[in-house]
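Throughout, protein chains are lettered first and strands after them, A, B, ... in sequence-line order, and every chain is numbered starting at 1. Just so you know, these numbers use all the heavy atoms, side chains as well, and skip hydrogens, waters and symmetry mates.
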Number of protein chains: 2
Amino acid sequence: MAWSNGRAPATPPTLADVAELAGVSRQTVSNAVNNPDLLRPDTLARVQDAIDQLGYLPNRAARNLRTRLSHLIGLRLAPVQEGTANALMDRFVHSLVETSSAAGYHVLLFPGDPTDPVSGYEDLLRSTAVDAFVATDTYLGNPQAAWLEARRAPFVAFGRPWDGVHAAHPWVDVDNAAGTALATTHLLDQGHERIAWIGWRKDSIIGEDRRSGWSSTLRERGLSTTGLASRVEDTVASGREAASVLLDEAHPSAFVCASDTLAMGVLHTLADRGLAAGRDVAVVGFDDSQVAQVVPPGLTSVRQPLEEVAVEIVRALEGLLSHPPAESRGVLLTPELVVRGSSRC
Amino acid sequence: MAWSNGRAPATPPTLADVAELAGVSRQTVSNAVNNPDLLRPDTLARVQDAIDQLGYLPNRAARNLRTRLSHLIGLRLAPVQEGTANALMDRFVHSLVETSSAAGYHVLLFPGDPTDPVSGYEDLLRSTAVDAFVATDTYLGNPQAAWLEARRAPFVAFGRPWDGVHAAHPWVDVDNAAGTALATTHLLDQGHERIAWIGWRKDSIIGEDRRSGWSSTLRERGLSTTGLASRVEDTVASGREAASVLLDEAHPSAFVCASDTLAMGVLHTLADRGLAAGRDVAVVGFDDSQVAQVVPPGLTSVRQPLEEVAVEIVRALEGLLSHPPAESRGVLLTPELVVRGSSRC
DNA sequence: ATGAAAGCGCTAACAG
DNA sequence: CTGTTAGCGCTTTCAT
């Protein structure tokens with residue numbers, strides 16, 4: 001490039017600069033960039049040459065203004081939860097950035113007020129700062145999805161529209177029940193029969209979904225679940241306490257947990273009692289967090305296919321933003337079980 | 001708002017709409033938004049009223065085009081490292097999003113090719129998509145900072161310009177040596193005298209900085225470091241092996257590690273040998289990852305003040321983008337030690 | 001204190 | 001296939 005001496009020009013080259021250098025009109029340069037097939041090969045080559053020479057790249061603001069498109073996807077980032085094993089969002093953000101970038105979109109992060117799930121969306125929408133949103137945390141009772149639909153905002157949800165009988169928006173989700181069923185089956189295969197459940201409170205739809213994978217699997221094998229389940233908050237302390245109570249009252253030989261955070265609580269209780277995870281009592285978590293990967297002796301965990309989730313979300317997004325918008329149904333993906341030391345003898 | 005029936009208008013209101021409703025010219029509306037002091041109170045009130053009524057918000061693309069500013073900050077997201085305890089970026093991204101949002105900036109994420117530290121920057125710069133960058137991973141030998149400087153791109157580095165004798169860019173960093181000194185002093189206070197170090201290979205400047213906090217603290221107390229240090233890769237397996245060797249050959253009663261990942265490796269070795277972390281051997285990690293927070297019995301770790309880092313970075317960014325650009329020097333922040341069970345009897 | 005004119009850089013629509 | 005014209009919505013002169 002002309003300025004490959006390492007210093008960029010004070011003001012970037014414009015379409016007009018390229019047009020002049022190539023000896024064509026501005027429109028032809030625009031076509032060379034956006035509809036190359038419209039140009040005669042030799043003209044295209046000449047224009048392309050000028051583009052390379054000047055290091056030209058279309059000005060985003062100008063293009064956005066004209067096309068009414070920003071090629072930006074908004075993602076609301078909820079505040080970090082310290083003291084939990086929840087690294088889900090981190091992995092998801094990475095996947096989404098990779099995938100959407102390949103599709104020509106960048107990810108715009110905006111902060112979410114934990115007390116108001118809808119904050120932030122409004123301004124970005126009205127100022128036409130993003131083309132669409134990816135909405136996470138679409139648990140039951142979260143007004144996000146309904147609000148976005150009412151606002152006619154293009155968005156794809158990571159999470160099923162639990163309440164929406166006829167939700168019109170595309171969504172991608174992971175089959176939680178299938179995940180815990182996988183975990184429970186694995187434990188049954190290892191010879192366990194008294195398999196306990198530590199999950200979240202009843203008002204969590206996702207929690208109930210995960211629980212059902214455990215209970216239905218046990219029931220299919222003719223095993224009872226009575227007294228083997230506990231519902232607590234998603235903290236290490238709660239998991240620890242629940243495990244202690246269950247161990248005393250129901251004598252399970254294995255635990256399936258709704259999250260890695262709760263599973264870590266179980267590991268705490270086992271450590272307290274001098275029991276070895278895996279050898280004495282088996283433990284399975286959910287989310288395959290970094291914690292699960294590095295804690296001794298390794299925590300078996302259900303892993304959500306976040307890379308696939310991102311791919312499907314971007315696919316839905318592209319459909320949503322194409323003309324005419326493609327009708328996109330929901331996509332349900334299946335998680336896998338990552339077996340580690342905590343569930344092996 | 002006029003459309004608070006829940007449905008947004010097909011096309012958002014513009015300056016002209018507001019001007020018509022308020023019975024003033026478009027420029028007056030613009031002034032009401034950007035220079036309210038220029039208007040007579042009653043005119044301002046009338047315009048503000050029309051703005052509220054229509055739910056007007058300036059179109060970003062148009063404003064960006066005109067002002068040549070996007071109010072976007074670019075952040076390169078390196079691929080996730082599975083199997084490590086490194087949740088540093090996650091916490092940092094959150095902090096940066098919160099802080100920059102308060103300053104009127106949004107964060108634009110773009111993916112980084114691990115093999116090319118400079119990829120991605122070029123396009124965003126040339127297409128004027130972002131106003132500035134936040135560069136992380138500015139370790140020695142990383143051409144990022146030098147490249148950005150040569151390109152005259154506005155950026156703030158999270159990390160000292162180790163190689164730059166006269167680096168002109170603002171930076172924010174955390175005093176790694178102070179962190180490991182804190183850890184070592186804490187262990188000395190607990191009565192330990194044989195304190196081992198497990199760190200990274202010598203080519204990591206950050207690693208050497210962290211190591212120096214350990215070695216200088218021991219030397220100050222007249223204690224030897226001979227045979228007590230190990231340099232390995234940043235993986236759990238490496239930490240585990242290094243701990244095993246050190247335990248056999250140097251009989252330390254405590255470990256200071258360059259990362260939580262390595263510290264987890266030590267915990268693996270202790271578990272292998274039936275030793276209890278905290279009671280039998282003390283362990284301290286670095287970064288206060290989620291792993292450190294939830295692993296039994298809790299991993300003592302050096303915590304970087306990422307919230308403060310974000311604040312300082314945004315402050316530097318604002319200086320950089322103001323007219324005239326404020327001269328901003330580097331800022332060095334001090335980490336703190338979070339004491340948990342792994343270093344208490 | 002308010003209004004008129006100009007133009008940021010680009011692309012859609014049409015004319016040649 | 002290429003060029004001309006117009007305008008996206010905003011802010012920056014400059015007049016009034």
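Between A/Leu65 and B/Ala61 the shortest heavy-atom distance is N-CB, 3.5 Å.
Every residue meeting the side chain to side chain contact (heavy atoms under 4.5 Å, CB included) condition with A/Ser101, not counting sequence neighbours, appears here in chain and number order: B/Pro111. Remark: B/Asp123 engages A/Leu57 in a side chain to side chain contact (heavy atoms under 4.5 Å, CB included) (not counting sequence neighbours).
Counting any heavy atom pair closer than 4.0 Å across all strands shown, B/Thr28 reaches sugar-phosphate atoms only and no base atom.
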### Residues A/Asp131, A/Ser70; criterion side chain to side chain donor-acceptor pair (under 3.5 Å); working and verdict
CA-CA 6 Å; A/Asp131 292 344; A/Ser70 66; 3.1 Å; yes

### Task
Could you check A/Thr14 against A/Asp17 for side-chain contact (heavy atoms from CB on, under 4.5 Å), going step by step and ending with a plain yes or no?
CA-CA 5 Å; A/Thr14 73; A/Asp17 298 329; 3.6 Å; yes

### Query
B/Arg151 and B/Arg126: side-chain contact (heavy atoms from CB on, under 4.5 Å), yes or no, with the steps?
CA-CA 10 Å; B/Arg151 283 295 269 105; B/Arg126 288 222 306 255; 3.5 Å; yes

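Two rings, from A/Tyr121 and A/Phe110, have their centers less than 6.0 Å apart.
Residue pairs satisfying the salt bridge (charged side-chain N to carboxylate O under 4.0 Å, His left out) criterion with at least one member in residues 21-41 of chain A, sequence neighbours excluded, are listed as follows: A/Arg40-A/Asp42.
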### Message
Output one letter per nucleotide in nucleotides 8-16 of chain D: B when a protein non-hydrogen atom lies under 4.0 Å from the base, S when only the sugar-phosphate is that close, - when neither is.
### Response
BBBBB----

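Judged by distance alone, with hydrogens and angles left aside, the side-chain atoms of A/Gln304 form no donor-acceptor pair with the main-chain N or O of A/Val174 at under 3.5 Å.
When DNA chain C is scanned 5' to 3' for any atom under 4.0 Å from a heavy atom of chain B, the first and last hits are C/dA1 to C/dG9.
Residues A/Ile73 and A/Phe133 fail the side-chain proximity criterion, which asks for heavy atoms closer than 4.5 Å.
Remark on the helix from C/dA1-D/dT16 to C/dG16-D/dC1: inter-end axis angle 30°, axes from five-pair C1' superpositions, rounded to 10°.
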